[in-house]
Amino acid sequence: MTLLARLFVLVLLAVLPAIGIQIHGVLNFRAEREAEVAAQAERMLSLVEGEQSRIVDSARLMVTAVTEASFLRNADTARCQEYLDRLAQRSADYRTASVASGDGRVLCSGDPANIGLSLAGQTHFRRAMAENRFVIGEWTAGRSGETGGELPVAAPFYDDTGKPAGVVTLSLDVSWLTTNFAARPLPDNATLTVADGAGTILVKLPGGVAQSGERLPETHLRLLRGATDGVTTLNGLDGVPRVTAFSPTVAGVPDLFISVGIDQRTAMGAADRATRDGLVMSLVGFLVAAAAAWIGGTLFIRRPVDALVHAARDWSAGETSARANLPDRSSEIGQLGRAFDAMADTVEARAAALRQSERHTRAVLDALPAFIGVLTPDGVVAQINHAAAEAAGLPLKDIVGRPFDSICWLSFDEAGRERLRAAVARAAAGAADRFDADLRVAGGRTISVDVGLTPMFDPQGRITHLIASGIDITERKRTEEALRVAEERFRTGLRNSGVVVFNQDRELRYTWAHAAMLGRSPESMIGRTDHDLFERAEDADRTTALKRRVLETGEGARAEIRIRSKGEDRFFDLTVDPLRVGDRVEGVTCAAVDVTARKQAEADLSRAREEADRANEAKSRFLAAASHDLRQPVQSLYLFAAALADRLQGHPGLPMLESMRQGLDSLKTLLDGLLDMSRLESGKIAVAPTDVRLNQLLGRLVVEYGPRAAQKGLELRAIPTRAWVRTDPAHLERILRNLVENALRYTQTGRILLGCRRTAAGVRVEVWDSGVGIPADRLEDIFEEFTQLGEPNERGLGLGLAIVQRLSRLLGHRVTVRSTEGKGSVFAVELPRVVLGAPPRAVARPAIPHPPARPANALGGTAAAAASLALRSVANDGVTKGVVLVIDDEAIILLGLKAMLEGWGYDVLTAKSGDQALERLRADGRRPQIVLADYQLQQGRTGPEALVAVQGMVGKDVPGIILTGDTAPERLREAERNGFQILHKPVYPNDLRRMMASAGAA
């Protein structure tokens, strides 16, 4: 946005409030006038309803009086007829009154012509009998010659038992109603409409009596059928827009619709004119302010800014002498122009210094003995140094601007050309490359060159140019060749040395020797014994004893011996065979191989093994720390997501939060897989076999994964079993979990079935699915790390089945798979069966806690809804559930737990250590309902220590939960020893809530 546009916006922002106030006043005046008109219509409606109620009440009294007459109870039709005749003569305002029996036949009537007629089909008769009350019927046509029609009313009368015996009816003259209302004149701009429950118009003023059977238009019928009275604006019966107050048939006068309308244009004329005039004045003020802003901005902003822009463009075009030279030096824009001119002077000076620096750099490059060239990203030579130009044997003008490969092409051999083409392509793609090649330089001489191509990037990551370098390594190549020849000769010598062969007679004197031994020549050894040659007598004693045993038994022997020579121990692999002359042993033949290096290597290997063991232990400690440190940020995201979900109930952003939670679940799964693989590779996972009841384990898996299967439209169930097996429950559960998750991942429709089969050797637990299946040639590959079928980015890291394979080998359980591509797969784990005879031993608690089982009816068709409901937090409703003490040295975890727990309705006390927790409890004075503590705290302290200290202060009956990212079995045993529960991070909010509830924190 330009400065002029911004000034224009600022002026508008300054003017708009005043314009808004004026418009608000105009609109407020109009609204007040509309309210007055509506109030006037409501008052008129109230008056009309009062008059109509008076008329209806009069008719009700008359009908009620007839119903209470004794002749009706006595069924005296003659007296009834006399009474109605007198009533017809005295009540000129009403038309015929009649009495009908329960079947609708008229017994007596003020009009004798009606006697014997049936009223059973009349609406007012049926309603009076059915509703057992006074009712107003629907308009009916009058007798021949009468205008306006009639409005019947009716009320039931009763026999001696109190049951309805018939109906008394009375007809009101509609013309009389119209005349009655016309006697009370309405304002000039008002209308009155009265209609029966069916929408037939009874009274229409002004205009007199309605046409016979004339009905309300649809706009008025909708009001008639409404539940409450009110005021609205619509076209009247005369087509004029009116502010209409109305009461439907269920409000006001029962069974009658009454509306009063006031001409909107007449009533709102003055308000409309005031509104129009106010809006015109606001528009004029707006246009004046806009014109003033535009003219002022052009004079004082746009022209100076244009001068600055033109100067900047001249700079961009290379005119470094360009300046803004604004005449106004006091305003902010003038100061900006002056600053621009000063900056231009500084930049021009720095450009000159940069050119000088470039000349110095050029001189340094020319002085280097290496070949240096600068290429464009497409491989065109932009610059080379003096050494490269001399090697090319071409003038500089014939090199710069040409493709690099065309300049160097004739200088390389065929292999070098291919290598150069690949190196230029890799460097242009952003990867450095380096290789050795033979190069023909000017004069026909061939040299060996170390060629390098390196891309250079700008701050935005774009490749700006390539640096090509060449270093003459001819002498190095020659030296390497000489070293290679010497090495081959040395290897030949090694192949022909290293073994000492010698003979000794029965007195064990050397009689023949090949090769030197212990620094002695073969000639110096002849006629001497080991005691003469060895420095230490004990060395000679050991070798002599071995050789004498061979002389005595006639059987060869072999042993490793240690001999001290020149202050160091030498080790030999000594083979001693009897030297026979005929059947007699005349001496020994010995072969000694110097294995000092091997022994040293074994010692080194032993030390390396010890170092590896220490490194492995360090790795285990690292994994524990990594498990803690990697799970901490994931844990904080879980907690804040749960706290945010409490505050977004009913919000359209809640599905996005649920997607984020699913992403966190995927991250937790990947993290668990990586850490499990690392622990398996370390070989430090312990196995604790015990008797396990499979039915409980399979049921827990179905309860946990049922909602997830239902969300995908799958059926997940387990076949009940009474089998017991001998295994490690935690590791077996991990195997089956991975198999179920694998089935969920690759099954889109159908079902997943868990079941057991008895075999000759034990029990086989099988996981069936109706998924995509596995190709026959991939059945073995799927158990390798990072192996996946389908799209890898949708399947995780491919570690689940690899963990299954390694855990099964650790437990000694065979895992098999059979599959039909496109139909599904069956994974099976073979386990040793426990023979039942005595009560089964107690099952060890699994190393990883799981949520309590849900009722069986929580699965099936409603599983997805149950899972969604479990994700929602219970509203606090202003009632505190109790105090929760949270101990964690990570501030972000404390904040997340506090936000989530407060969203659940708890009061939360937070502390970073056990000592601080005790201080907070003393200061607060309340007793916590439960304590949550991280395992690793500051200064080497632990969560169990802090929990013990807190329980010592407030009582051991306060439950505690340890939250930790360390999945080592020692953590679980430590928590159980202290009576605490444990949850591994990242903690699912629902798991924490269930564990808190099971611990007594409702």
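Here the rule is side-chain contact (heavy atoms from CB on, under 4.5 Å) with L701, and of L736, V767, L739, L716 only L736 fits it.
At a threshold of 4.5 Å between non-hydrogen side-chain atoms, the residues V817 and V815 do not count as touching. Side-chain contact between V829 and I735 is present, with at least one heavy-atom pair separated by less than 4.5 Å. At a threshold of 4.5 Å between non-hydrogen side-chain atoms, the residues V908 and E902 count as touching. With a 4.5 Å cut-off on side-chain heavy atoms, P989 and W904 count as touching. Two residues are said to be in side-chain contact when any heavy atoms from C-beta on lie closer than 4.5 Å; L754 and I719 fail this criterion. In this structure the side chain of C756 reaches within 4.5 angstrom of the side chain of L698, judged on heavy atoms. Proximity of I930 to V958: side-chain heavy atoms (C-beta onward) are nowhere separated by under 4.5 Å. You'll find the side chain of D957 reaches within 4.5 Å of the side chain of R927, heavy atoms only.
The distance from the OG1 atom of T727 to the CD atom of E733 is 11.5 Å, given to the nearest 0.5 Å. The OH atom of Y935 sits 7.5 Å away from the CD atom of E945 when rounded to the nearest 0.5 Å. One finds the CG atom of L694 at 11.0 Å from the CZ atom of R833 (value rounded to the nearest 0.5 Å). A distance of 13.0 Å separates CZ of R764 from CZ of R758, quoted to the nearest 0.5 Å. How far NE2 of H813 is from CZ of R809: 14.5 Å, rounded to the nearest 0.5 Å. Rounded to the nearest 0.5 Å, atoms CD1 (I961) and CE (M996) are 6.5 Å apart.
The backbone N or O of V804 sits less than 3.5 Å from a side-chain atom of S808, completing a donor-acceptor pair. Of the possible donor and acceptor atoms, one in the side chain of S819 sits under 3.5 Å from a partner among the backbone N and O of I774. Under the 3.5 Å distance criterion, the side-chain polar atoms of S825 are left unmatched by any main-chain donor or acceptor of T820. No donor-acceptor distance shorter than 3.5 angstrom exists from the side chain of D888 to the backbone of I893, with no hydrogens or angles considered.
Closest approach of P729 and V692 over heavy atoms only: CB-CG2, 3.8 Å. Counting all heavy atoms, side chain and backbone alike, Y906 lies closest to V884 at CD2-CG2, 3.4 Å. Considering all non-hydrogen atoms of both residues, A946 and I887 come closest at CB-CD1, 4.0 Å. The two atoms that bring V763 and T759 nearest to each other are N-OG1, 3.9 Å, heavy atoms only. For the residue pair I962 and G943, the shortest heavy atom distance occurs at CD1-C, 3.9 Å. Taking both residues in full, the closest heavy atoms of P944 and N978 are given as CB-ND2, 4.4 Å, listed atom of the first, atom of the second, then distance.
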Enumerate, atom names and distances included, each donor-acceptor pair closer than 3.5 Å involving a side-chain atom of residues 913-921, sequence neighbours excluded.
unit_1: S913; atom_1: OG; unit_2: Q916; atom_2: N; d: 3.2
unit_1: Q916; atom_1: OE1; unit_2: K912; atom_2: N; d: 2.6
unit_1: R920; atom_1: NH1; unit_2: T910; atom_2: O; d: 2.3

Problem set entry | Derivation of the side chain to side chain contact (heavy atoms under 4.5 Å, CB included) call for L894 and K898 | CA-CA 6 Å; L894 284 178; K898 180 177 175 64; over 6 Å; no

For this session: Go through the steps for M995 and L983 under the test side chain to side chain contact (heavy atoms under 4.5 Å, CB included), then give the verdict.
Result: CA-CA 9 Å; M995 184 168 285; L983 275 179; 3.6 Å; yes

Problem set entry | Check against side chain to side chain contact (heavy atoms under 4.5 Å, CB included), L909 and V883 | CA-CA 7 Å; L909 298 178; V883 178; 3.9 Å; yes

Problem set entry | Derivation and outcome, side chain to side chain contact (heavy atoms under 4.5 Å, CB included), residues W768 and R751 | CA-CA 8 Å; W768 293 67; R751 65 174 184 169; over 6 Å; no

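One finds a salt bridge joining D907 and R926 here, because a Lys/Arg side-chain nitrogen approaches an Asp/Glu carboxylate oxygen to under 4.0 Å.
Residues passing the side-chain hydrogen bond (donor to acceptor under 3.5 Å, both in side chains) test with R757 are E766, sequence neighbours excluded. In terms of the side-chain hydrogen bond (donor to acceptor under 3.5 Å, both in side chains) criterion, N695 has no residue partners (sequence neighbours excluded).
Under a cut-off of 6.0 angstrom, the local environment of NZ in K823 is sparse, with at most 12 non-hydrogen atoms contributed by other residues, nucleotides or ligands.
Between the side chains of Y705 and E741, at least one donor N or O sits under 3.5 Å from an acceptor N or O.
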